[in-house]
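This structure is a prediction, so every number in the text was calculated from the model and none was measured. Excluded from the calculations below are hydrogen atoms, water molecules and symmetry mates; all remaining heavy atoms, backbone and side chain alike, are included.
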Amino acid sequence: MIAIIDYDAGNIKSVEKALQYLKQDVILTRDREEILAADRVILPGVGNFGDAMEKLHGYGLVDVIREYVASGKPFLGICLGLQLLFGESEESPGVPGLGILSGRITKIPEGEGRKVPQIGWNDITLNTSSRLFAGVPDHSYVYFVHSYYLQAENPAEVAATTEYGVTIHAAVEAGNVYACQFHPEKSSEVGLKILTNFTKL
């Protein structure tokens, strides 16, 4: 069973549909016991960092997420779900994130010919030891929608990078915690391969 955490953030249904396409047993939930009993958990989301943390607190999910991660079972953050795993974001100064991973979430700098937010396909450079990207060709294209990006503190945790005026840490792996800034559920066959890999971790 894969539990998708439902905290009124966008993009939850598209993640559910992608997993159902892969014949996975999926539940949308914010129930503590259902989340903790799941074999795998996904934290998706689009939107504002501060608003999302307020919703997670409001539904009593912050401690549940930390407890699940501490269990050692596979956990995947997608887009805003990646950013929430870190301690803070420039988007919402003074709002603590989950603090599960170490790094900085900062605004993508605007530049000539570069629009913010980044919306669209971009290629990723992969860490060859990554489990999430096993069997995915280097420089595959995936779909991004974001204005803020991760600079992970520990280079060994970076599973993929992309270039958009700056080097963006597009995915991380730290023990049982996996996260993608891009949307695997919107990234065609490459994205389905990544999600399939997650279901087999």
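- At least one side-chain heavy atom of Ile65 sits less than 4.5 Å from a side-chain heavy atom of Phe75.
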Does the pair Cys180 and Leu132 meet the rule for a side chain to side chain contact (heavy atoms under 4.5 Å, CB included), with working shown?
-> CA-CA 10 Å; Cys180 303; Leu132 196 61; 3.7 Å; yes
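- At distances below 3.5 Å, not a single donor-acceptor pair connects side-chain atoms of Glu157 with backbone N or O atoms of Ala152.
- With hydrogens and angles disregarded, a donor-acceptor distance shorter than 3.5 Å links the side chain of Asp39 to the backbone of Met1.
- Between Lys193 and Val136 the shortest heavy-atom distance is CG-CG2, 3.6 Å.
- By the side-chain contact (heavy atoms from CB on, under 4.5 Å) test, Thr106 is found to be paired with Glu90, Arg104, Tyr149, Gln151, residues two or more places apart in sequence or in another chain being considered.
- Using a 4.5 Å heavy-atom threshold, the side chains of Leu84 and Tyr7 count as touching.
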Side-chain donor-acceptor contacts of residues 52-59 below 3.5 Å, not counting sequence neighbours, with atom names and distances?
residue	atom	partner	partner atom	Å
Lys55	NZ	Asp8	O	3.0
Tyr59	OH	Asp8	OD2	2.3

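- Looking at Arg66, its side chain does come within 3.5 Å of a backbone N or O of Leu98 through a donor-acceptor pair.
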Got a list of side-chain donor-acceptor pairs under 3.5 Å for residues 137-146, not counting sequence neighbours?
residue	atom	partner	partner atom	Å
Asp138	OD1	Leu126	N	2.7
His139	ND1	Asp123	OD2	3.0
Ser140	OG	Pro137	O	2.5
His146	ND1	Tyr148	O	2.8
His146	NE2	Gln118	OE1	2.7

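- Taking the side chain as every heavy atom from C-beta outward, Thr29 and Asp6 never approach each other to under 4.5 Å.
- Considering only heavy atoms from C-beta on, Leu76 stays 4.5 Å or farther from Leu201 through its side chain.
- Proximity of a side-chain donor or acceptor of Asn176 to a complementary backbone N or O of Lys73 within less than 3.5 Å is detected.
- Between His183 and Pro44, the closest side-chain pair of non-hydrogen atoms is not below 4.5 Å.
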